[in-house]
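Here's the structure, in structure tokens; my notes come after.
Heavy atoms only: backbone and side chains are in, while hydrogens, waters and symmetry mates are out.
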Amino acid sequence: MALAAIFAADARAVTIPTVPVGNLGNAGDTTGYGAVAYAYRIGTTEVTNAQYAEFLNAKAASDPLALYNASMGSNARGGITRSGVSGGFTYAPRANMGNKPVNFVSWYDSIRFANWLNNGQGSGDTETGAYTILGGTATPSNGLSITRNAGATWFLTSEDEWYKAAYHQPAAQGGDGDDYWLYPTTSNTAPTIATANGVGDISNPGANVANYLLGADWNALNGNFTTVGSAGPFSESFYDTSDQGGNVSEWNEALIDGSFRGFRGGPYYDVSSSLRSSYRNGNNPTLMEGWLGFRVATVPEPSTAVLAIVGGALMWVLRKRFK
């Protein structure tokens, strides 16, 4: 019985595809953001509904922490349904929404997901690990005093980690003259507005495409989320991340004006300026909206960090050659 439970848990384990972010010790740009001294890996895409649903199935059978927002099931752009009664709740992605970014998540939800990854998934704790959540209480004021713990292996991206992965490319490696692009698609020109097919895949993939300004009409909606990464490799950042502009705005660790937690990236309905490197915003950490999601990052174990950097550099060369 115990072995069966272990194998069942393994079968539902969440995999977060990541890419390495190299060029250690890079300088920030003129806005002051983007400098990161260390190697790290960042999620290739936003956390998806399928990934978050497995988190809910592992940790929200009764959901005392309100990790599930009812709008995920009732809103036309929500992506997760809940079945059963408290103590036996189960969760599943809605049709054609498993590979879309999760939304209606607070900043607290994002760091609890990170804690769960940090603690090995399954029955792993959501209240300690990468972050210590004070008293387990999700309030705007509590959320302003939480910081990343030393030794964290999975975490919500810092603003600099997010910014570097989105906009940085050394001029010596083909980037813009100041080592930073204006848009997270390796471009200084506003992206082409994405369109979508009937299941939400971007139907005009190619160079410099992003899901914004209500272009991706599907499921009888004027603008909707699109399948993560479906704009294709020519719309990725220099470090091969997808959708850091458009789809959902993404929570990060930034503390803004001592009152808000930060988010970047611009959502599916907004104008191109919200995708630019100069745009940043924030709100109460308890905010849960249909345009707001998140992305996680990880630091390689010390014994594998050097191998990851070398392997990542080789993969980058190969991928860029065939883009």
Evaluate the side-chain proximity of Pro191 to Leu275: yes if any heavy-atom separation is below 4.5 Å, no if none is. yes

Here the pair of heavy atoms bringing Gly129 nearest to Asn149 is O-ND2, 3.1 Å

Could you measure the distance from the CH2 atom of Trp181 to the CG atom of Asp176? Nearest 0.5 Å is fine. 5.0 Å

Take Arg261 and Glu253, measure what salt bridge (Lys or Arg N to Asp or Glu O under 4.0 Å) needs, and give me the verdict at the end. CA-CA 6 Å; Arg261 289 295 181 173; Glu253 291 179 338; over 6 Å; no

For a quick test of reading the model, state the closest non-hydrogen atom pair linking Leu67 to Arg112 and the distance between them. CD2-CD, 3.8 Å

Test your reading of the model: is there a side-chain donor-acceptor pair from Asn281 to the backbone of Gly262, 3.5 Å cut-off? no

How many angstroms lie between OG in Ser110 and CD in Glu250, if you round to the nearest 0.5 Å? 11.0 Å

Is the closest side-chain heavy-atom distance between Ser158 and Arg148 below 4.5 Å? yes

Between Pro267 and Trp291, the two heavy atoms sitting closest are CB-CB, 3.7 Å

Is it the case that the side chains of Asn57 and Thr90 hold a donor-acceptor pair, with the cut-off being a distance below 3.5 Å and no angle test? no

ILVMFWY cluster membership beyond Tyr279 - transitive side-chain contacts under 4.5 angstrom: none

Angle between ring planes, Phe238 versus His168, binned at 30° and 60°: parallel, tilted or perpendicular? perpendicular

Is there a chain of hydrophobic side chains (I, L, V, M, F, W, Y, each step under 4.5 Å between heavy atoms) that links Ile256 to Phe294? no

On a heavy-atom basis, the closest approach of Ser277 and Arg264 is O-NH1, 3.0 Å

Using atom types as modelled and distance alone, determine if a side-chain donor or acceptor of Asn284 lies under 3.5 Å from a backbone N or O of Thr286. no

Point-to-point distance, once rounded to the nearest 0.5 Å, from CG of Asn115 to CD1 of Ile133: 5.5 Å

Salt bridge (Lys or Arg N to Asp or Glu O under 4.0 Å) involving Asp63 - partner list, sequence neighbours excluded: Arg82

Is any side-chain heavy atom of Ile42 less than 4.5 Å from a side-chain heavy atom of Thr241? yes

Check: Tyr68 ring centre within less than 6.0 Å of Tyr91 ring centre: yes

Within-4.5 Å side-chain heavy-atom neighbours: Leu156 and Trp107: yes

Could you state the interatomic distance from OG (Ser237) to NZ (Lys164), rounded to the nearest 0.5 Å? 11.5 Å

Can you tell me if Asn103 uses its side chain to pair, donor with acceptor, with the backbone of Gly290 under 3.5 Å? yes

Below 4.5 Å, heavy atoms only, C-beta onward: do Glu127 and Thr132 meet side chain to side chain? no

Using the rule that two of Ile, Leu, Val, Met, Phe, Trp, Tyr join whenever any of their side-chain heavy atoms come within less than 4.5 Å, decide whether Val102 and Leu65 are in one cluster. yes

Rounding to 0.5 Å, atoms OG1 (Thr18) and OH (Tyr239) come to a distance of 15.0 Å

Working for side-chain contact (heavy atoms from CB on, under 4.5 Å), residues Ile16 and Trp154: CA-CA 10 Å; Ile16 306 290; Trp154 282 96; 3.8 Å; yes

Let me have the donor-acceptor pairs involving side chains of residues 200-210, under 3.5 Å, with sequence neighbours excluded, atom names and distances please.
unit_1: Asp201; atom_1: OD1; unit_2: Thr227; atom_2: OG1; d: 2.6
unit_1: Ser203; atom_1: OG; unit_2: Thr195; atom_2: O; d: 3.4
unit_1: Ser203; atom_1: OG; unit_2: Thr195; atom_2: OG1; d: 2.7
unit_1: Ser203; atom_1: OG; unit_2: Ala196; atom_2: N; d: 3.3
unit_1: Asn204; atom_1: OD1; unit_2: Thr195; atom_2: N; d: 2.9
unit_1: Asn204; atom_1: OD1; unit_2: Thr195; atom_2: OG1; d: 3.3
unit_1: Asn204; atom_1: ND2; unit_2: Ile193; atom_2: O; d: 3.2
unit_1: Asn208; atom_1: OD1; unit_2: Thr185; atom_2: OG1; d: 2.5
unit_1: Asn208; atom_1: ND2; unit_2: Ser187; atom_2: OG; d: 3.3
unit_1: Asn208; atom_1: ND2; unit_2: Thr189; atom_2: O; d: 3.1

Would you say Tyr212 and Tyr268 are hydrophobically clustered, going by side-chain heavy atoms of ILVMFWY under 4.5 Å? no

Show me, pair by pair, the donor-acceptor contacts under 3.5 angstrom made by side chains of residues 214-224, not counting sequence neighbours?
unit_1: Asp217; atom_1: OD1; unit_2: Gly223; atom_2: N; d: 2.7
unit_1: Trp218; atom_1: NE1; unit_2: Phe225; atom_2: O; d: 2.7

Heavy-atom closest pair (Val21 atom, Ala165 atom, distance to 0.1 Å) is CG2-CB, 4.2 Å

Transitive ILVMFWY side-chain link Val296 to Tyr38, under 4.5 Å: yes

I'd like to know if the side chain of Asn119 pairs up with that of Asp125 as donor and acceptor (distance under 3.5 Å, no hydrogens or angles considered). no

I'd like to know if the side chain of Thr48 reaches the main chain of Gln51, judged simply by a donor and an acceptor atom lying under 3.5 Å from each other, with no hydrogens or angles considered. yes

Do Leu117 and Phe155 have side chains that approach each other closer than 4.5 Å (heavy atoms only, starting at C-beta)? no

Under the side-chain contact (heavy atoms from CB on, under 4.5 Å) criterion, do Lys100 and Glu46 qualify, and how do the steps go? CA-CA 8 Å; Lys100 309 305 186 289; Glu46 307 108 331; over 6 Å; no

Mind running side-chain contact (heavy atoms from CB on, under 4.5 Å) on Asn247 and Thr226 for me, showing each step along the way? CA-CA 7 Å; Asn247 242 1; Thr226 50; 3.2 Å; yes

So Tyr52 and Phe55, would you call those rings parallel, tilted or perpendicular, with 30° and 60° as cut-offs? perpendicular

Taking side-chain contact (heavy atoms from CB on, under 4.5 Å) as the criterion, tell me which of Val228, Asp240, Val19 meets it with Thr44. Val19

Between Val248 and Leu56, is there a shared hydrophobic cluster once you connect ILVMFWY residues whose side-chain heavy atoms come closer than 4.5 Å? yes

Report yes or no: do Tyr131 and Asn118 form a side-chain donor-acceptor pair below 3.5 Å? no

Quick check: does any side chain N or O of Asn26 sit under 3.5 Å from a backbone N or O of Gly34, one acting as donor and the other as acceptor? yes

Taking the side chain as C-beta and beyond, is there a heavy-atom pair between Gln121 and Val14 under 4.5 Å? yes

Transitive ILVMFWY cluster of Tyr33 at side-chain heavy atoms under 4.5 Å: who else is in it? Trp162, Tyr163, Tyr167, Tyr180

Applying salt bridge (Lys or Arg N to Asp or Glu O under 4.0 Å), can you list everything that pairs with Arg94, at least two apart in sequence or on another chain? none

Report the C-alpha separation of Asp179 and Gln169 in whole Å, then their side-chain angles, then the decisive distance to 0.1 Å, and conclude whether the side-chain contact (heavy atoms from CB on, under 4.5 Å) test is met. CA-CA 5 Å; Asp179 300 333; Gln169 181 176 356; over 6 Å; no

Any non-hydrogen side-chain atom of Ile146 less than 4.5 Å from a side-chain atom of Tyr108? yes

First locate atom OG of Ser274, then atom OH of Tyr269, and finally report the distance between them rounded to the nearest 0.5 Å. 8.0 Å

Give me the atom names and distance for the closest heavy-atom approach of Met288 to Asp109. SD-OD2, 3.9 Å

Is there a donor in the side chain of Asp29 and an acceptor in the side chain of Thr31, or the other way round, less than 3.5 Å apart? yes

Go through the side-chain N and O atoms of Glu161 and Asn252 and say whether any donor and acceptor fall under 3.5 Å apart. no

